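Below: the structure, in C-alpha cells.
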Amino acid sequence: MKKRSVSIAGHQTSISIEEPFWQALRMIAAAQGQSLAGLIATIDGERRAETNLSSAIRLAVLAWYQEKLGVPENAPLSSE
C-alpha cells in the first residue's frame, strides 16, 4: 500500500492505494491529457458520498480498463 498526499480543490488529502493502482492512474491521466491531481479531483467530484476516495479511485481504474475491453457496464464479473 502506498500513501501519497494530493491537493484537491486547494485541500491536502492523503490517499492509500496499491502501487499498481498508482501506476494505472498515472497512465489513465496521461491518456486523457490530464494531470494526476486533475484526474483524482474528477474522480473525487463524481464519487458517491458513501464511497471513500481510495475505493473510488480503484473503481475508476477498473471501469477504465473494462471500457477498454468492451465490457458492458454492470456486467457480471463471473459466471457463478
Side-chain angles (χ1 to χ4, degrees):
M1 192 79 61
K2 187 97 174 196
K3 188 176 206 172
R4 295 205 170 104
S5 292
V6 294
S7 180
I8 300 173
H11 295 91
Q12 284 290 113
T13 188
S14 293
I15 302 168
S16 294
I17 57 175
E18 296 78 5
E19 184 59 32
F21 282 102
W22 282 116
Q23 292 170 2
L25 208 55
R26 284 190 293 273
M27 187 184 75
I28 293 166
Q32 294 179 351
Q34 287 187 285
S35 67
L36 182 60
L39 177 57
I40 292 171
T42 299
I43 294 167
D44 184 48
E46 295 174 352
R47 71 183 165 110
R48 298 190 325 208
E50 66 274 6
T51 304
N52 71 48
L53 184 54
S54 294
S55 293
I57 289 170
R58 289 184 190 95
L59 291 171
V61 169
L62 176 63
W64 191 83
Y65 279 103
Q66 286 177 323
E67 182 182 320
K68 292 295 178 194
L69 292 171
V71 176
E73 199 170 311
N74 298 323
L77 295 179
S78 77
S79 57
E80 295 177 21

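Predicted model, so just to flag it, every value in this text is computed and none were measured. Only heavy atoms go into these numbers, but all of them, side chains included; no hydrogens, no water, no symmetry mates.
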Show me the side-chain donor-acceptor pairs of residues 26-36 shorter than 3.5 Å, one per line, residues at least two apart or across chains.
from  : atom 1 : to    : atom 2 : distance (Å)
Arg26 : NH2    : Glu19 : OE2    : 3.2
Gln34 : NE2    : Thr42 : OG1    : 3.4
Ser35 : OG     : Gly38 : N      : 2.9

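Not counting sequence neighbours, the partners of Lys3 by the side chain to side chain contact (heavy atoms under 4.5 Å, CB included) test are Ser14, Ser16.
Val61 has its side chain out of reach of Leu59: every pair of non-hydrogen atoms, C-beta onward, lies at least 4.5 Å apart. Residues Ile8 and Leu53 are in side-chain contact: their nearest non-hydrogen atoms beyond the backbone lie under 4.5 Å apart. The closest side-chain heavy-atom distance from Thr13 to Ile40 is not below 4.5 Å.
In terms of heavy atoms, Leu39 sits closest to Leu25 at CD2-O, 3.5 Å.
Residue pairs satisfying the salt bridge (charged side-chain N to carboxylate O under 4.0 Å, His left out) criterion with at least one member in residues 34-43, sequence neighbours excluded, are absent.
Atom-to-atom distance recorded for Ser55:OG and Ile43:CD1 is 12.0 Å, nearest 0.5 angstrom. Atom CD of Gln12 and atom OG of Ser5 lie 5.5 Å apart (nearest 0.5 Å).
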May I have the step-by-step check of side chain to side chain contact (heavy atoms under 4.5 Å, CB included) for Ile15 and Trp22, ending in yes or no?
CA-CA 10 Å; Ile15 302 168; Trp22 282 116; 4.0 Å; yes
